[in-house]
S.K.: 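Structure below; questions to follow.
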Amino acid sequence: MDSLFAREAGEVENAFLAAPFEEDGWNAALRLFARRTGSSHAQLLGLGDDATLFNFMPDIDAAYQREFLEIEGWRPEVNWRVAASGRPLEILSEAHYDVARQHSGTDDYEEHIRKWDGVHGCQTALVEGEGLLVGLASLRSERDGRTGRRDRELFAAGATYALAAVRIQQAMAQRGAAMTVGAFDAIGVAAFLIDRRGAVAALSGAAEAIVGEGTAGVLRLRRGRLGAARRAPRCRCAAAGGIGARAERRGDAAALDRVTA
């Protein structure tokens, strides 16, 4: 490893590990990551089963996001980058895209990706499972050209730091949920914290008392989701808002908190 590579990798490490703690930290880290990998843009993307959950891509016109949603760019049959998804932390690049293009992609997506200078680059999955994919990508224009070995090696180093940062964000969100539940415990309120996927992220002690196995409780948790155990009188409980599916979107940073919680 040459000294320049080590220095640039260190800069990327510092930027990603600071991202969860700083205002606009994710965008700042992605800007630096793009420069160090010789890319036009870098992207951190969260995909659910049927929707885009968050999409960090600094210094890109808002029309990019609108177009991506309009063409349903999260679908593998539309987007050959999604179709090319590999194992977590496996680095995929142009050779993999060439193969994916043979069975995936639409004319609308091809026009979209060329318009926004993303025809070349690298990508990897940071988190995958339970209907969630968090991916990191570098996007290069025709002028930037295809990636070289050094670009891919620096991308691989940056991906490990980005994964660590996502896990830090996850830990912070989980601690926040625990603190919120603790506050409800202090006043004896039955509270359920529901994430954007409709799953129970945490519940207070009073809430545990009305959730039981068989006929023990009026509510039941099934695969992390809350439902009635039987036909029963209405129970009074406080649902902590702001992280439910009906909560207003508070930006991609808040979305990243929710989907990793």
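Basis for what follows: all heavy atoms, side chains included, without hydrogens, waters or symmetry-related copies. These numbers were taken from a predicted model, which means no experiment stands behind them. Sequence positions, counted from 1, serve as the residue numbers for this chain.
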S.K.: Is there side-chain contact between L32 and E11, with heavy atoms separated by less than 4.5 Å?
M.R.: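 L32 reaches E11 side chain to side chain.
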
S.K.: Residues two or more places apart in sequence or in another chain: which of them pass salt bridge (Lys or Arg N to Asp or Glu O under 4.0 Å) with E23?
M.R.: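 Salt bridge (Lys or Arg N to Asp or Glu O under 4.0 Å) list for E23, sorted by chain: empty.
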
S.K.: Please verify the inter-ring angle class for Y64 with W116; under 30° counts as parallel, over 60° as perpendicular, anything in between as tilted.
M.R.: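 Rings of Y64 and W116: perpendicular, as their planes differ by over 60°.
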
S.K.: List the steps, then state whether side chain to side chain contact (heavy atoms under 4.5 Å, CB included) holds for H120 with E142.
M.R.: CA-CA 7 Å; H120 301 307; E142 292 281 10; 3.5 Å; yes

S.K.: Flag the pair L163 / R167 as yes when at least one side-chain heavy-atom distance between them is below 4.5 Å, and no otherwise.
M.R.: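 Side-chain contact under 4.5 Å: yes.
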
S.K.: Would the F33 and F16 ring centres measure less than 6.0 Å apart?
M.R.: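 Centroid separation for F33 and F16: below 6.0 Å.
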
S.K.: According to salt bridge (Lys or Arg N to Asp or Glu O under 4.0 Å), who are the partners of E111, at least two apart in sequence or on a separate chain?
M.R.: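 Once residues adjacent in sequence are excluded, E111 has no partner under the salt bridge (Lys or Arg N to Asp or Glu O under 4.0 Å) criterion.
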
S.K.: How long is the span from the CD1 atom in I60 to the CG atom in N27, to the nearest 0.5 Å?
M.R.: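 Those atoms lie 12.0 Å apart.
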
S.K.: According to side chain to side chain contact (heavy atoms under 4.5 Å, CB included), who are the partners of D151, at least two apart in sequence or on a separate chain?
M.R.: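 With neighbours one apart ignored, the set is R140, T147.
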
S.K.: Below 4.5 Å, heavy atoms only, C-beta onward: do R150 and D2 meet side chain to side chain?
M.R.: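 In contact.
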
S.K.: Return the set of residues passing ring-ring contact (aromatic ring centres under 6.0 Å, His included) with Y97 (not counting sequence neighbours), or none when no residue passes.
M.R.: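 W80.
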
S.K.: To the closest 0.5 Å, what do you measure between CG (N79) and NE2 (H112)?
M.R.: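 Between atom CG of N79 and atom NE2 of H112 there are 8.0 Å.
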
S.K.: Rounded to the nearest 0.5 Å, what's the gap from CG on L17 to CD on E13? Could you check?
M.R.: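 Reported to 0.5 Å precision, the distance equals 5.5 Å.
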
S.K.: Please determine whether a side-chain nitrogen of the Lys or Arg among K115 and E110 lies less than 4.0 Å from a carboxylate oxygen of the Asp or Glu.
M.R.: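 No, no charged N to carboxylate O under 4.0 Å.
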
S.K.: Counting only heavy atoms from other residues, nucleotides and ligands, does the tally under 6.0 Å from CZ of R146 exceed 12?
M.R.: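 Result for CZ/R146: enclosed.
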
S.K.: Would Y109 and E72 count as having a side-chain donor-acceptor pair, cut-off 3.5 Å?
M.R.: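 Result is no, nothing qualifies.
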
S.K.: Considering residues at least two apart in sequence or located in another chain, which fulfil the salt bridge (Lys or Arg N to Asp or Glu O under 4.0 Å) criterion with R35?
M.R.: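 Result, salt bridge (Lys or Arg N to Asp or Glu O under 4.0 Å) vs R35: none returned.
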
S.K.: Taking C-beta and beyond as the side chain, do S93 and F155 meet within less than 4.5 Å on heavy atoms?
M.R.: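 Not in contact.
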
S.K.: Please determine whether residues L30 and V127 belong to a single hydrophobic cluster, defined as Ile, Leu, Val, Met, Phe, Trp and Tyr linked transitively by side-chain heavy-atom distances below 4.5 Å.
M.R.: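 Cluster IDs for L30 and V127 match.
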
S.K.: What do the steps show when you test L44 against L126 for side chain to side chain contact (heavy atoms under 4.5 Å, CB included), and what is the final call?
M.R.: CA-CA 9 Å; L44 184 69; L126 302 179; 3.8 Å; yes

S.K.: side-chain contact (heavy atoms from CB on, under 4.5 Å) with R81: which of L139, L45, L92?
M.R.: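 With R81 as partner, side-chain contact (heavy atoms from CB on, under 4.5 Å) holds for just one option, L139.
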
S.K.: Under 4.5 Å between any side-chain heavy atoms of Y161 and L136, yes or no?
M.R.: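 The answer is no, as the side chains (C-beta and beyond) never meet within the 4.5 Å cut-off.
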
S.K.: Any side-chain heavy atom of H41 within less than 4.5 Å of one from R31?
M.R.: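 A side-chain contact under 4.5 Å is absent here.
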
S.K.: List for me each residue that meets salt bridge (Lys or Arg N to Asp or Glu O under 4.0 Å) alongside R149, sequence neighbours excluded, and say none if there are none.
M.R.: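 R149 satisfies salt bridge (Lys or Arg N to Asp or Glu O under 4.0 Å) with E153 only.
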
S.K.: With hydrophobic residues grouped by side-chain heavy-atom distances under 4.5 Å, do V12 and L89 end up in a single group?
M.R.: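 Yes, one cluster joins them.
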
S.K.: Measure the spacing between CG of L154 and CZ of F5 and express it to the nearest 0.5 Å.
M.R.: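 If we round to the nearest 0.5 Å, L154:CG and F5:CZ are 5.0 Å apart.
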
S.K.: Identify whether V82 and L69 are in the same connected component of the hydrophobic contact network (ILVMFWY, side-chain heavy atoms under 4.5 Å).
M.R.: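 V82 and L69: one cluster.
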
